[in-house]
Protein chains: 2
Amino acid sequence: MDTTQRTDQQRSADRRRRELLEAADRVVLRDGPQASMNAIAAEAGITKPILYRHFGDKGGLYAALAKRHTDALLDSLRAALDAPADRRERVEATLDTYLAAIEARPQVYRFLMHPAEGGQVGDQGFDVGKHSAPLLRRMGEELATVIEERLDLGPGSQQLARVWGHGIVGMMHAAGDWWLGERPCSRAELVRSLADLLWGRLAAAGDRMGGPGF
Amino acid sequence: MDTTQRTDQQRSADRRRRELLEAADRVVLRDGPQASMNAIAAEAGITKPILYRHFGDKGGLYAALAKRHTDALLDSLRAALDAPADRRERVEATLDTYLAAIEARPQVYRFLMHPAEGGQVGDQGFDVGKHSAPLLRRMGEELATVIEERLDLGPGSQQLARVWGHGIVGMMHAAGDWWLGERPCSRAELVRSLADLLWGRLAAAGDRMGGPGF
DNA sequence: ACGTGCGTGTTACTAGCGGTAACCCTAGTT
DNA sequence: AACTAGGGTTACCGCTAGTAACACGCACGT
């Protein structure tokens, strides 16, 4: 049998693939999202066609790259969401985990979310468009299932959970993106403010004097 | 004086600019976001360098194009937010206005938010990366000022309003994006669900039997 | 009448990208 | 020794954004 053969080859291919991904990671983190296939190949010490043999096209390479980071992020988010604490604490922990992640590795975040930024002359960078959605979508769907599993929302709970899942993820994403750019407050404050929003402080707030209020 | 001269010239230039933008609009809506400068120039009945004289580079053209749509959208949002009704009604009206807009002209929306989608072979499309953020940012900032003006949030209200502004906009955006792709429910239901979320139903929901709940 | 700018337009080009076809070379099998 | 199978390279294609350099036309000041 050639099973051992196959395994050997597959192993070798997988190792190669990982090496290539790590090289791609380095280049993307160094050159920003407009990293070219040439540059990645050079960093990996090989030439373009090999990249294409492994990943099909640039989108494939990007998808593989994004999957690594996305999976890691989702794992830590799940952990935070599963910790033994009450609901509000866990919501805050999850928000904080996400924000800490994008704070710790902003280049990775920018790569995943903001394709062409800082492109100098040629602006053909990674087309994250097809893939950044998947990250948000995955987070939204996962959160939706968690909500639907654990919360009692009455009739129509599944629909509601999905809307909320995507909505909350979008809130976290947009607020985090803005916060990462401007750093207007500490992470803890941001987390608290967002949790307050989710906890209904918007509805509970009083109107300012005069006028009908927001 | 050559003021009249100047004015004439400026008028002519402005008219030209508008014509070019409308041509660009047509092409972008027809070909999707990977519309090339060549194609836009051809649609406008002229050649590339003129485009570059008017808009500097592709980003400039895009920015001008995006500004038109963004301004229009922001106007209708402001109107909805300023209508005479109570807070919840106006929040719902604003959400509905946004969702109705992206529902009515999904191509425009996709162009503004999802640069390269449906690209066939060459994937160098519009680099919306630098500009899609501005749309979300502008909406977030505007909402923030509205919140800060009209709501009594106690100390730290400005910070809080900004976080909420960006957070709510992000929620709306992500939920709308997901909804537009999957159409899992009617617009009215989506609006209701999001408003419910903002109104604290997440915090108020009971845990499901067993386990610590979400 | 006549150059002289100046705005408007074109052709023809560069540099670089993603992607691919064709070849090459070495290692292991028979 | 001959042969196949992968890993690798060179050299190319078609396309893109962006730019120089040149050409027409039309109002001006003298």
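Please read these numbers as outputs of a predicted model, since none were measured by experiment. In what follows, chains are A, B, ... by sequence order, proteins preceding strands, each numbered from 1.
Rounded to whole angstrom, the span from the CG atom of B:L20 across to the C1' atom of C:dT8 amounts to 12 Å. Following rounding to the nearest Å, B:Y62 (OH) and D:dT16 (P) show an atom-to-atom distance of 20 Å. Put simply, CE on B:M37 is 21 Å from P on C:dC13, counting in whole angstrom units. For B:R15 and C:dT8, the CZ to P distance is 12 Å, given to the nearest whole Å. Computed from coordinates, the B:D31 CG to D:dT16 P distance equals 10 Å when rounded to whole Å. Atom pair B:Q34:CD and D:dG14:P shows a separation of 20 Å (rounding to whole Å applied). Between the OH atom of A:Y52 and the P atom of C:dA21 there is a distance of 13 Å, given to the nearest Å. The interatomic distance linking B:N38 (CG) with C:dT10 (P) rounds to 12 Å, in whole Å.
Aromatic rings from A:F55 and A:Y62 are positioned such that their centres are separated by 6.0 Å or more.
Nearest nucleotide to the side chain of A:P49, out of C:dA21, D:dG18, C:dT11: C:dA21. Comparing atom distances between the A:K48 side chain and each of C:dG9, C:dG18, D:dG18 picks out C:dG18 as nearest.
For a distance-only test at 3.5 Å, the side chain of A:R53 fails to qualify as a donor-acceptor partner of the base of D:dG6. If you check distances only, the side chain of A:K58 never reaches the base of C:dG19 with a donor-acceptor pair under 3.5 Å.
Across all strands shown, A:I46 has heavy atoms under 4.0 Å from sugar-phosphate atoms exclusively, and none from any base.
For the OP1/OP2 pair of C:dG9 and a distance below 4.0 Å, the side-chain nitrogens and oxygens of B:R16 include at least one atom meeting the criterion. OP1 or OP2 of C:dG9 has not a single side-chain nitrogen or oxygen of B:T47 nearer than 4.0 Å.
Comment: A:D196 engages A:R88 in a salt bridge, judged by a side-chain N to carboxylate O separation of less than 4.0 angstrom. In summary, A:R26 and A:E22 do not engage in a salt bridge, as defined by a charged side-chain N under 4.0 Å from a carboxylate O.
From A:H54, atom NE2 reaches atom CG of A:L21 across 9.5 Å, with rounding to the nearest 0.5 Å.
For the pair B:R162 and B:W164, the cation-pi test (distance below 6.0 Å, angle within 45°) is failed.
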